[in-house]
Amino acid sequence: MGVLENRFQDNVVVASMDKLLGWARSTSPWFFQFGLACCAIEMMATAASRYDLMRIGMIPRSSPRQADVMIVAGTVTMKMSLRVKKLYEQMADPKYVIAMGSCATSGGPYWQYGYHVLKGVDLVVPVDVYIPGCPPRPEALIEGLLKLQEKIQAERPLTKKIA
Amino acid sequence: MGVVHGDLMTLNIGPQHPSTHGVLRLKVKTDGEIISEVEPIIGYLHRCFEKHCENVSYEQVIPYTDRCDYIAAMNNNFGYAVTVEELMEIKVPERVEYIRVIVAELNRIASHLLALGAYGLDVGAFTPFLYMFRDRERILDLFETLCGARLLYNYIWVGGVSHDFPKGFVESVYSFLDYFEPKIEEYNELLTYNKIFIERTGDVGVMPPEVAVSYGVTGPNLRGSGVKWDIRKDEPYSIYEKFDFDIPVGVGEMGTVGDCWDRYYVRMLEMKESIKITRQALKGIPTGDVHQALPKKIRPPQGSIYKRTESPRGDLAYYIVSDGSPIPYRLKMRSPAFTALSVLGEISQGWMMSDVLAILGSLDIVLGEIDR
Amino acid sequence: MYRDFGTIFLFILIGIVLVYVPLLIQRLVAPKKHTPDKLSTYECGEESEGSAWVQFNIRFYVIALIFLIFDVEVVFLFPWAVVFQELGLLAFVEMSIFLLILIVGLAYVWKKGDLDWVKYRVKYASGRYRKVITEKEGTTVGSP
Amino acid sequence: MSSDQDKLIAESVEKALQGDMDAINNIEDRVTRSKAKAALVKAKREAKAAVAEETPRAEKSKAEEAPQAEQTFAAQVAVALEKKFPGSLDTEDVNGHIQMKGEQWYEAAQYLRDNPDFLFDSLQCVTGYDYGTSEDLEVRYNLHSMTHHHAIEIRIKIDRNDSKIPSVEQVWRIGDWFERETYDMYGIEFVGHSNMTRILCPEDWAGWPLRKDYETQEMYHGIVVPKVKDGWE
């Protein structure tokens, strides 16, 4: 962990430092271009001209090294699940995952007879925000991203975690 | 069959790549820049569509056909509904036929807009993507007023459509068409006749007609190579013989016939044709009840059928075998993007890395339909 | 005269500060989890096969050499171009002889064909890629 | 009251059979209208069943009168195939498709493509088919000619255990991927195929998914495949 990570008792100085760090990390989470299926088209539509994602400070990055948020947009199949796990590992910390659409959340319409479909991406990677919908509307995706930003701000990187 | 000297390394333009239009992996043998062999590896989005069709009833299959080709969901529904109707010999009222043609052509424009916008991205032009998506959003608004969904509609049912046109829908489609017609000229100035775009796509990835036919390539890719083949004209289904529109064919304006630029420009001209068809359909739309021919219980007679329709990517065909029960016994979807991708290995030997991605973009593939 | 050196020093100082302070913050605060998976090479989600240390085609080396020569030539041109007015005719003649020799070099390289970047065979070559083919069995199609 | 109701239903069904549906639509009372509609659907089904019986009789009679004259196109192809490859046809009745044996399929495919008056140059679709849990498999080829605009369907039955069939990859290049997909889904081995591996499922996937007797495997690389229901419902 970082030198100062989780090292201090919770007091007013550390709390305000946490608030500053949380704010700094949450303002512009670059999202990892990870379009799989129909939700990817809605993600593209959200990133395009009408529902612009850049006003929240989110720029599509295609390499895991530069991305903070991995938006799993679409159906994760068995063959793809190994790659999703590998790409998640290769992302730089602090990293977050958004499961966009009901396919990524729980297998979606393919849960019953989809022998090759992974029933929810949380079987392979830890997920922070689930966005329901098939495909979720761009407004739902933006709300999910704002929810993630609140979650990042609420994190306390510096205080010692009471295990 | 290497065409390049020097050692070869295997490189993966893998499942997660900005310009593979989804989860497609290209296993590439290259000497660093020139590609000697491309092997597309698919299956990363295989969602067992045909297994689902053997377990759910005929009405429930329609949302799955939406999700196969999620960029042109209406055309997939249309293909499926037409096939089952011919199997059950259902005669659909005239108004439903007109509604289906209008909606399918609007979805064709939206699909081409996305394909051309993303193709601009692959070749390095970012702004056309934003212009084309702005206009595509207007079509999605029309579909939203019509059936409530933006992308996957479940709108065209077997025997009819789910909702009739809301009040004032015809006027809004007219206003969209009048707004959209000059926009195509704007795209032409923006991208089609852009010097760099021509340099990147002219003479690149030439597909001779006999290679295209042998690989089963259909749709705009085949028409780009100069073969005049369109199911709406050659094997008319529904009421396409009522409208007069012509089939744009690649003529090699910026290079030889069948290069990437031709495939791009054929899609641009096809959008103009779709506007023409939609206008004629809007003018001649009769009144009537759209729910009239909706069968209570879809139970086709025993037998099998193979019917083809024209989706924005080519020949979309369904092979349905029914054993008289309300659940299909076997349903195979012949996907046009599947055959379009199979030709990539053949026509992109010897090109440079960036050219191969330009060729892939010009084939306009959708992985949901390839992997089914 | 010393004031100028002062500003240059300040300029360098600010440069160093602007670079190293963020790096320091990053070392203090950023989480560091070096798992073996994270350090594996990224190849679009796949395991990379084979090594990338292949013997590259010779043309990369030749182009690097040619670039080196003309780059050094430009480096000599810069100081000359700055004080070109005061030096008078003699400097001009010397520099043009220098340029002439290098232009002869350029002509030789051009004629020998080292500048056409790529010698490869496209399967269905036509149009402006037609002349690129050197091997015989490349199939060509369509009008040139 | 019900007698004239039935009369009303009967005659509106008659009119509807002639085609004008508004006879039924303008019956005011909802119950009778729905009864009328039900009667109409029953009447239609009987009419179709009656038609279905006549056609085989008609066909038979037609076959006796002019066996050669205006056969369907499929029959002409079948006859030509039988002449070129005696014994390659499985059964004689040709209603829209040709049933063939697998042995001479490669030569027959080449013949179908190169014969000037057939010219089937585009293989539209290859469909695997499973007759039942223990019956045999089948592969169905839909061929189409770009020049003559005619189409044909050829079916080849294969035994379930050693399912082998000659590959047509050299005849139509798209056969390469279609056959790999049929192999992937049904386990039908295409002899002579250049790269007989799975195309959609991962290489180490167990079982042939589209066969009727397929069970999903429990684990795949440590990931639970079927839906874990406890805790959800």
Side-chain angles (χ1 to χ4, degrees), chain A residues 34-40 64 70-91 95 97-134 136, chain D residues 125-135 137 139 160 163 176-190 193 195-233:
Chain A
F34 197 72
L36 300 168
C38 351
C39 290
M70 171 200 260
I71 302 184
V72 181
T75 318
V76 183
T77 55
M78 281 305 164
K79 203 174 185 180
M80 194 60 194
S81 60
L82 310 176
R83 275 64 177 183
V84 165
K85 185 157 194 40
K86 190 170 175 41
L87 284 165
Y88 177 73
E89 296 301 335
Q90 286 174 346
M91 275 172 77
K95 51 193 172 190
V97 174
I98 289 184
M100 174 184 179
S102 55
C103 280
T105 310
S106 69
Y110 301 99
W111 71 274
Q112 198 165 10
Y113 303 106
Y115 49 85
H116 192 237
V117 169
L118 180 71
K119 311 295 186 290
V121 85
D122 41 19
L123 295 174
V124 278
V125 286
V127 174
D128 288 300
V129 174
Y130 294 92
I131 303 178
C134 183
Chain D
C125 181
V126 172
T127 317
Y129 189 77
D130 184 358
Y131 275 92
T133 49
S134 58
E135 275 102 43
L137 303 172
V139 181
R160 195 180 190 84
S163 45
D176 173 8
W177 275 27
F178 277 149
E179 282 168 356
R180 274 182 67 189
E181 189 198 346
T182 316
Y183 165 74
D184 188 353
M185 288 297 141
Y186 280 91
I188 298 168
E189 185 79 26
F190 288 85
H193 193 285
N195 164 20
M196 201 73 251
T197 53
R198 285 182 182 266
I199 191 168
L200 290 179
C201 293
E203 278 70 26
D204 51 4
W205 193 257
W208 311 109
L210 275 185
R211 284 197 180 183
K212 293 292 176 186
D213 53 3
Y214 168 72
E215 273 85 32
T216 323
Q217 57 189 43
E218 275 306 311
M219 300 291 282
Y220 177 72
H221 283 275
I223 307 165
V224 179
V225 173
K227 179 76 183 169
V228 176
K229 282 239 185 81
D230 47 11
W232 279 81
E233 286 116 77

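Chain A is the first sequence line, chain B the second, and so forth, proteins listed ahead of strands; every chain is numbered from 1.
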Residue-level contacts of residues 72-82 of chain A with chain D, using a heavy-atom cutoff under 4.5 Å: A:M78, A:K79, A:S81, A:L82
Sort by residue number and list every residue of residues 205-217 of chain D having at least one heavy atom under 4.5 Å from chain A. D:W205, D:P209, D:Y214, D:T216
Considering all heavy atoms, the nearest D:C201-A:H116 contact: CA-NE2, 4.4 Å
